[in-house]
Colleague: 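This is the structure, below, for whatever I ask next.
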Amino acid sequence: MRVFHFDGAAEEDVHLDELYMQEALRLAETAFKEDEVPIGAIIVSQGKIIGKGYNLTERLHDVTAHAEMQAFTAASNFMGGKYLKDCTLYVTVEPCVMCAGASYWTQISRIVYGAKDEKRGASKHGHLYHPKTEIVSGVLEEKCADLIRSFFRNKR
């Protein structure tokens, strides 16, 4: 893990984003094995994973049981409050409108995702994120996209 410091401000290195995205991918692979849409998410604060989740919509019979929602709940419980300022969400696929809306209310500082969701991604519907949330896309994009494509190819 590499972190560079310039003028006292921490700059996150691309390699750090890839490291955390690898963890989100492991969760997505768990979802895949459980026949859930393979999306994984983690939330990081000060270099520590404080929340994680993967899609549980089939198991829980709950359309809101997305990976991000699971991670938001876990991280909020860890933090002891609903706001996730100074936290980063890593998610393997671009958040949907529901998850983008939930991220808005958490006031999360940063969202990093792997693959774009061309059909249901939040970016197709204007800027739904909190104005102070930084969005980074394309981290391990091919690996994230390959997992989703493989899942849906097997369903057809």
Side-chain angles (χ1 to χ4, degrees), residues 12 16-45 48-156:
E12 291 195 6
L16 191 57
D17 283 345
E18 290 176 358
L19 176 75
Y20 288 126
M21 189 61 75
Q22 286 285 357
E23 182 60 30
L25 265 167
R26 280 190 277 281
L27 291 166
E29 289 165 357
T30 300
F32 185 93
K33 291 173 189 166
E34 294 180 14
D35 205 29
E36 296 277 357
V37 175
I39 298 174
I42 65 169
I43 296 178
V44 175
S45 176
K48 180 178 181 179
I49 297 173
I50 62 166
K52 54 185 167 178
Y54 58 88
N55 272 3
L56 293 171
T57 58
E58 298 301 323
R59 182 193 309 171
L60 299 179
H61 308 288
D62 180 357
V63 297
T64 68
H66 289 195
E68 300 96 321
M69 303 300 266
Q70 304 301 314
F72 290 147
T73 298
S76 294
N77 286 333
F78 179 87
M79 297 290 278
K82 60 186 178 181
Y83 297 115
L84 300 175
K85 295 177 182 178
D86 301 320
C87 295
T88 300
L89 167 68
Y90 291 89
V91 61
T92 56
V93 176
E94 177 184 8
C96 69
V97 171
M98 175 184 69
C99 294
S103 77
Y104 181 98
W105 295 111
T106 70
Q107 298 181 18
I108 198 156
S109 297
R110 195 164 175 257
I111 296 174
V112 178
Y113 66 85
K116 274 197 162 302
D117 184 340
E118 297 296 335
K119 292 181 181 175
R120 294 174 194 87
S123 64
K124 297 290 181 195
H125 304 281
H127 192 76
L128 302 175
Y129 303 104
H130 192 277
K132 293 183 180 177
T133 300
E134 174 191 357
I135 307 298
V136 177
S137 63
V139 175
L140 300 182
E141 182 174 14
E142 278 308 306
K143 287 183 180 183
C144 295
D146 286 346
L147 187 59
I148 284 285
R149 280 192 293 260
S150 176
F151 177 80
F152 286 110
R153 191 177 319 117
N154 292 339
K155 290 289 181 190
R156 294 186 181 116

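Because only heavy atoms are used, hydrogens play no part in the values below, and waters and symmetry mates are left out as well, while side chains stay in. Please read these numbers as outputs of a predicted model, since none were measured by experiment.
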Colleague: Which residue is it: Ile148, Val37, Asn154? I am looking for the one with a side chain to side chain contact (heavy atoms under 4.5 Å, CB included) to Phe32.
Modeller: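 When side chain to side chain contact (heavy atoms under 4.5 Å, CB included) is applied between Phe32 and each of Ile148, Val37, Asn154, only Asn154 qualifies.
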
Colleague: Using only atom types and a distance under 3.5 Å, with no angle test, would you say the side chain of Glu36 pairs donor to acceptor with the backbone of Thr57?
Modeller: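 Such a contact is found between Glu36 side chain and Thr57 backbone.
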
Colleague: Rounded at 0.5 Å granularity, tell me how far OG1 in Thr64 sits from CD in Gln70.
Modeller: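 Output value for this atom pair is 7.5 Å.
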
Colleague: Do Tyr113 and Leu89 touch side chain to side chain, with heavy atoms closer than 4.5 Å?
Modeller: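 Tyr113 vs Leu89: side chains apart.
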
Colleague: Taking all atoms of both residues into account, what is the closest heavy-atom pair of Glu58 and Asp35, and its distance?
Modeller: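 Minimum heavy-atom separation between Glu58 and Asp35: CG-O, 4.1 Å.
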
Colleague: Can you tell me if CZ on Arg26 sees more than 12 non-hydrogen neighbours from other groups inside 6.0 Å?
Modeller: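 Enclosed: over 12 neighbouring heavy atoms sit under 6.0 Å from CZ of Arg26.
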
Colleague: Is the side chain of Thr92 donor-acceptor paired with the backbone N or O of Leu25 at a distance under 3.5 Å, no angle test?
Modeller: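 Judged by distance alone, no pair lies under 3.5 Å.
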
Colleague: Heavy-atom distance under 4.5 Å between the side chains of Lys124 and Glu118, does that happen here?
Modeller: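 Yes, at least one pair of side-chain atoms sits under 4.5 Å.
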
Colleague: Can you name the closest pair of heavy atoms from Gly114 and Cys144 and give their distance?
Modeller: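 Between these two residues, the closest heavy atoms are CA-SG, 3.9 Å.
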
Colleague: Answer whether the closest heavy-atom distance between the side chains of His130 and Ile108 falls below 4.5 Å.
Modeller: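 No, every pair of side-chain atoms sits at 4.5 Å or beyond.
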
Colleague: Does the side chain of Cys87 reach to within under 4.5 Å of the side chain of Ile50, using non-hydrogen atoms?
Modeller: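 Yes, at least one pair of side-chain atoms sits under 4.5 Å.
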
Colleague: Gln22 and Lys143: side chain to side chain contact (heavy atoms under 4.5 Å, CB included), yes or no, with the steps?
Modeller: CA-CA 9 Å; Gln22 286 285 357; Lys143 287 183 180 183; 3.3 Å; yes

Colleague: Looking at side-chain heavy atoms only, is the closest gap between Met21 and Asp17 below 4.5 Å?
Modeller: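 Side chain of Met21 against side chain of Asp17, heavy atoms only: no contact under 4.5 Å found.
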
Colleague: Does Glu134 reach the main-chain N or O of Arg110 with its side chain, forming a donor-acceptor pair under 3.5 Å?
Modeller: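 No; zero donor-acceptor contacts below 3.5 Å.
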
Colleague: Are Arg149 and Asp146 ion-paired here, with the side-chain N under 4.0 Å from a carboxylate O?
Modeller: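 The answer is yes: the pair qualifies as a salt bridge.
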
Colleague: Are Leu84 and Ser76 packed together at the side-chain level, in the sense that at least one heavy-atom pair is separated by less than 4.5 angstrom?
Modeller: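 Leu84 vs Ser76: side chains touch.
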
Colleague: Assess the residue pair Tyr129 and Ile135 against the criterion (side chain to side chain contact (heavy atoms under 4.5 Å, CB included)); give the C-alpha distance rounded to whole Å, side-chain angles, the decisive distance to 0.1 Å, and a yes or no.
Modeller: CA-CA 9 Å; Tyr129 303 104; Ile135 307 298; 3.6 Å; yes

Colleague: Find the distance between NZ (Lys119) and CD (Glu94) and round it off to the nearest 0.5 Å.
Modeller: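 Taking NZ in Lys119 and CD in Glu94, the distance rounds to 14.0 Å.
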
Colleague: How about Val139 and Glu18: do any of their side-chain heavy atoms sit closer than 4.5 Å?
Modeller: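 With C-beta onward as the side chain, the pair touches.
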
Colleague: What is the distance from atom CD1 of Ile39 to atom CD of Glu68, rounded to the nearest 0.5 Å?
Modeller: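 Going from the CD1 atom of Ile39 to the CD atom of Glu68 covers 6.5 Å.
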
Colleague: Contact between Cys99 and Met69 at the side-chain level, heavy atoms closer than 4.5 Å - yes or no?
Modeller: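 Side-chain contact under 4.5 Å: yes.
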
Colleague: Looking at every heavy atom in both Ser123 and Lys116, which two are closest together, and how far apart are they?
Modeller: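 Minimum heavy-atom contact is OG-NZ, 3.6 Å.
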
Colleague: Determine the minimum heavy-atom distance between Lys52 and Leu27, stating which atoms define it.
Modeller: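 In this case the closest contact between Lys52 and Leu27 is CB-CD1, 3.6 Å.
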
Colleague: Say you draw a straight line from CG of Leu56 to OG1 of Thr30; how long is it, rounded to the nearest 0.5 Å?
Modeller: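 Reported value, rounded in 0.5 Å steps: 10.5 Å.
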
Colleague: Could you tell me whether a side-chain N or O of Ser103 sits under 3.5 Å from a main-chain N or O of Ala100, the two making a donor and an acceptor?
Modeller: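 Side chain of Ser103 to backbone of Ala100: a pair is present.
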
Colleague: Measuring from Lys48:NZ to Ile42:CD1, what's the distance to the nearest 0.5 Å?
Modeller: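 Nearest 0.5 Å value for the NZ-CD1 distance: 13.5 Å.
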
Colleague: Please report the closest heavy-atom contact between Ala71 and Gly53, naming both atoms and the distance.
Modeller: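 Answer, listing the atom of Ala71 first, then Gly53: CB-N, 4.2 Å.
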
Colleague: Taking all atoms of both residues into account, what is the closest heavy-atom pair of Pro95 and Ile111, and its distance?
Modeller: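 Taking every non-hydrogen atom into account, CG-CG2, 4.3 Å.
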
Colleague: Would a distance-only check, ignoring hydrogens and angles, find a side-chain to backbone donor-acceptor pair under 3.5 Å from Asn55 to Pro38?
Modeller: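 The answer is no, because no donor-acceptor pair under 3.5 Å joins these two groups.
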
Colleague: Nearest 0.5 Å, what's the OG1-CG distance between Thr88 and Leu16?
Modeller: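 Interatomic distance, Thr88 OG1 to Leu16 CG, rounded to 0.5 Å: 8.5 Å.
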
